[in-house]
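Protein chains get the first letters and strands the later ones, always in sequence-line order, with residue 1 at the start of each.
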Number of protein chains: 2
Amino acid sequence: MPAPLHEAHPSSPGRRLPDTQQGMRRRNLARVMHTVNAEGPLSRAAVASQIGLTRAAVSTLVDELIRSGLLEELGPERPGRVGRPGSALAVSGRGPAGIGAEIGVDHLAVCAVDLRGAVRARAVRHGTNRRRPPQPVVAELSALVEQVVAKAESEGLWPAGLAVAVPGLVARDARTVVRAPNLDWHDIDLGALLPAELALTVDNEANFGSLAELWLRDDTPLDFLHVSAEIGIGGAVVVDGCLLRGTRGFAGELGHVPVRPEGPACACGGRGCLEQYAGEEAVLRAAGLTPGVDRVDVLAGRAAQGDEEVRRALRDAGTALGIALTGAVNLLDPQAVVLGGALASLAPWLLPSLERELEQRSAGRACAVRVSRLGPEGPLLGAAHSVVRAVLDDPAAVGTRA
Amino acid sequence: MPAPLHEAHPSSPGRRLPDTQQGMRRRNLARVMHTVNAEGPLSRAAVASQIGLTRAAVSTLVDELIRSGLLEELGPERPGRVGRPGSALAVSGRGPAGIGAEIGVDHLAVCAVDLRGAVRARAVRHGTNRRRPPQPVVAELSALVEQVVAKAESEGLWPAGLAVAVPGLVARDARTVVRAPNLDWHDIDLGALLPAELALTVDNEANFGSLAELWLRDDTPLDFLHVSAEIGIGGAVVVDGCLLRGTRGFAGELGHVPVRPEGPACACGGRGCLEQYAGEEAVLRAAGLTPGVDRVDVLAGRAAQGDEEVRRALRDAGTALGIALTGAVNLLDPQAVVLGGALASLAPWLLPSLERELEQRSAGRACAVRVSRLGPEGPLLGAAHSVVRAVLDDPAAVGTRA
DNA sequence: CTATTTCGTCATGGCGCTTAACAAATTAGT
DNA sequence: ACTAATTTGTTAAGCGCCATGACGAAATAG
């Protein structure tokens, strides 16, 4: 089995996979896939000029990718210009599929995404998973996965891997859920509970959500700060198209950034953390609702109806978010801040105060704040797409199961 | 099997330098240089096993590097083990040299560093540059550069490039000083004022300082947050051995992270920015000294003598730093925080309160705080080394001027 | 003194891209 | 309508670069 590709930061010292001819081939296969995927149907000649190889070289690469079922020949292009028209190539709609799954507090969801990014199958089960033990939950999830895989296979796809988004911290092995407070799970190895046929990746839902934002929108910048609020306040930092994970995998923890250093005590040991002002519990309480009974979605409803108490609570949360984000923006200088997850639906009431803080504190050069269009779909889609990206990143690694 | 998510660089779309055989060769030359540089004198066989190529391949690479004057053959290794002893290879001490320069508020400095990292020549001129126009300052700097280059050449070195550290913001062209408040320079193109023979790079002193920290210490982690205080409070974020610059090059601006959102107004438009508590001016004032007359170095002296007013001012600054750093550490999860520049000498009085804030607010999992050993030398050394790194990163790019 | 181990080099070969030439398919010009 | 020009995709030859395998050289172990 070939080792995963590693892109060369020349600065990092010696120990890396050798730069051999096979590696070069694999990287060029990946470049062809990425180019065709990103730039829509393209002729071999167009691909060649895009990636800087000759037409001859691209021809052999494309042949190999077509034989593997990863690319498809759509037929001759409509000739608009002088010269022989090219033959349009597209990423295959009947090759490998990425299976994404989400373990939410109130639902389970699974979907299959093809190489083109289209969702080809889905399955959802509603019902709370709060404090349910892992085994039955994962058993239900497995059943949904089977359904979705069956549907995908009936459409000529084959599953290339399974990625699971969970509302909690995941170990660096990408299999073990270290801590999921809302599920009350601790050190659960999902690899042992899920069918072993599929290559498995587990990650935090906020991470998958931010990757979805990165991959699924044409105009999303390569440097941004993604803020969501499912459990606590999950941030994610994307730099140059890469998710920043931190040494222990904790990067992006916006919830415990100090907002008012002498503010109310927080469970983390600090005082005045963002979570004390913009966390689900704090906002519900400030809005006169009951945490644990009411949930975030109630807020959007009440606010839309004009409930002034709720609106004030959201304004204050926006202010606190703005203060915390000012620090983050100063530190990272991203192209944009993206509000995702539950925050997306609350954006109309959060944004004004949030943006005001950000602008006042940034001397005019504030960075853009955007609202995710994906909203709560982000983590699931991000998970499925992560499998697809892995195929695009190393097409040679997937078997020729066409 | 899907590749781990964090390796994602191939994800960034098509347009990159083509993966051709020459590119492969160049990358392998770089890998040999990096390995020999990092692991001390090494035989060809040792290099081969380190980077995963065959001895034969490494032999041809080494030959080429020796012909270019970048590597040297030291002679047979002392045979400790069975078998024919290898021939020790070392980075050349008589090849290219990196010329580093620093434009400080109170001094100019230039040095030459060889590929081994040894400083082979230096020149300094003391005297304030506050509000002096750029032309005479740069003329003096050019004279120092000439001196240093002459000295280096007399030792068999040749200058591979010039890197200049400035106390201000530098445009992305790496030539133009956009704004240097303490010098009162605005939009100065240093490329036009310096001799054109040498390849020029200009960057912020905090950036070079953090790179020095990364490159010059054996035990420095690859992910850290560097904090210095020359102009304002310059931070720098290093992730995976790469300096994070941000979209506009502003990344690392720690000075305007909000510490107390309702605190004193700041020139940036915000309130309670870190600079209001831990900036040079604020600390001097809190210590009963006069900003503009006294400077940072006075603080260390007074504090060492036991001046309680100064010590309290530094404790408070440490607290503010701790609060701001808590946010940054939460967001980035670095391996360590490094205090550099002027902060290094003040560390004894800053650290206790700084670490206390960090620990209390991080629920036990606080990240390590270290003090730079480089101190004020950081920017100059970082500049010179940046030229050296450029040679190591692409040995084929330097002419065979041996 | 011989067997063994390791190093560096050489000749051979395979792999992957480039170069150059060509047939095919279209547009532009007369 | 017919030719010239242009662009595409393929093919064969060539070259660069690394791998393989064999060899002599230089050390240790017995």
Side-chain angles (χ1 to χ4, degrees), chain A residues 2-3 5 8 16-32 35-36 41-67 71-90 395-396, chain B residues 16-32 35-36 41-67 71-90 395-396:
Chain A
L5 285 184
R16 240 188 2 253
L17 82 163
D19 234 316
T20 170
Q21 293 184 113
Q22 287 98 26
M24 185 170 82
R25 181 80 177 169
R26 281 169 61 178
R27 282 188 298 273
N28 281 334
L29 287 168
R31 290 162 55 96
V32 170
T35 306
V36 173
L42 240 48
S43 69
R44 289 166 175 76
V47 172
S49 76
Q50 282 256 338
I51 65 178
L53 296 180
T54 59
R55 298 197 308 269
V58 169
S59 269
T60 73
L61 290 164
V62 165
D63 284 352
E64 190 173 333
L65 290 169
I66 288 179
R67 273 199 308 278
L71 282 186
E72 272 177 8
E73 195 130 25
L74 296 183
E77 283 177 327
R78 203 174 321 289
R81 301 174 312 281
V82 57
R84 168 179 166 179
S87 171
L89 298 169
Chain B
R16 240 193 358 259
L17 76 164
D19 235 315
T20 170
Q21 293 186 118
Q22 288 99 26
M24 186 170 80
R25 181 79 177 169
R26 282 168 63 172
R27 281 190 298 274
N28 281 334
L29 286 169
R31 291 163 55 105
V32 170
T35 306
V36 173
L42 241 48
S43 68
R44 291 168 174 77
V47 171
S49 76
Q50 283 254 340
I51 65 179
L53 296 180
T54 59
R55 297 197 309 267
V58 170
S59 268
T60 71
L61 291 165
V62 166
D63 283 353
E64 189 172 334
L65 291 169
I66 289 179
R67 273 199 307 278
L71 282 185
E72 271 177 8
E73 194 129 27
L74 295 183
E77 282 176 329
R78 203 178 327 287
R81 301 175 311 282
V82 57
R84 167 179 167 180
S87 172
L89 298 168

| request: When you get a sec, tell me which of C:dC17, C:dT26, D:dA26 is the closest nucleotide to the side chain of A:Pro85? | output: C:dT26

| Does the side chain of B:Glu72 reach to within under 4.5 Å of the side chain of B:Leu89, using non-hydrogen atoms? | no

| Among D:dC17, C:dA21, D:dA22, which is the nearest nucleotide to the side chain of B:Arg55? | D:dA22

| said: Please determine whether any donor N or O and acceptor N or O are separated by less than 3.5 Å between the side chain of A:Gln22 and the base of C:dG14. | reply: no

| said: Nearest heavy atom decides the nucleotide; on that basis, is B:Ser87 or B:Gly83 closer to the 5' end of DNA chain C? | reply: B:Gly83

| Distance test, side-chain N/O of A:Thr54 to OP1/OP2 of C:dT18, below 4.0 Å | yes

| field | Distance in Å, B:Gln50 CD paired with B:Leu42 CG, rounded so as to fall on 0.5 Å steps | value | 6.0 Å

| task | Return the value, rounded to whole Å, for the distance between atom CG of A:Leu61 and atom C1' of D:dT10. | result | 15 Å

| request: Kindly indicate whether the side chain of B:Thr20, heavy atoms from C-beta on, has any atom under 4.5 Å from the side chain of A:Met24. | output: no

| request: Would you mind classifying the nucleic acid contact of A:Ser43 as base, sugar-phosphate or nothing, using non-hydrogen atoms under 4.0 angstrom? | output: sugar-phosphate

| request: Look up atom CD in B:Glu73 and atom OG in B:Ser43, then write down how far apart they are to the nearest 0.5 Å. | output: 10.5 Å

| Just how far, in rounded Å, is C1' of C:dG16 from CD of A:Glu64? | 11 Å

| field | Nearest-nucleotide 5' precedence on DNA chain C, A:Leu53 against B:Val82 | value | B:Val82

| request: Starting from P on C:dC15, measure out to CZ on A:Arg26 and report it in whole angstrom. | output: 16 Å

| message | Heavy atoms only, 4.0 Å cut-off, all strands: where does B:Ala57 land among base, sugar-phosphate and nothing? | response | sugar-phosphate

| Between P of D:dA26 and CZ of B:Arg78, the distance in whole Å | 18 Å

| task | Using whole Å, report how far CD of B:Glu77 lies from C1' of D:dA27. | result | 12 Å

| request: Mind calculating the distance between CG (A:Asp19) and P (C:dG16) to the nearest angstrom? | output: 14 Å

| Can you check the B:Met24 CE to C:dC17 P distance for me, whole Å? | 10 Å

| request: Choose from C:dC17, C:dT18, C:dC15 the nucleotide whose nearest atom is closest to any side-chain atom of A:Gln21. | output: C:dC15

| request: Report yes if a side-chain nitrogen or oxygen of A:Asn28 is closer than 4.0 Å to either non-bridging phosphate oxygen (OP1 or OP2) of C:dG16; otherwise report no. | output: no

| request: Examine C:dT5: is either OP1 or OP2 under 4.0 Å from a nitrogen or oxygen in the side chain of B:Arg81? Give yes or no. | output: no

| Would you call B:Leu71 and B:Val32 a side-chain contact if the rule is heavy atoms closer than 4.5 Å? | yes

| request: Using atom CG of A:Leu29 as one end and atom P of C:dC15 as the other, report the distance to the nearest whole Å. | output: 15 Å

| task | Classify the side chain of A:Arg84 versus the base of D:dT8 as yes if they form a donor-acceptor pair under 3.5 Å and no if they do not. | result | yes

| Side chain of B:Arg27, backbone of A:Asp19: donor and acceptor closer than 3.5 Å? | no

| query | Does OP1 or OP2 of C:dG8 have a side-chain N or O of B:Ser59 closer than 4.0 Å? | reply | no

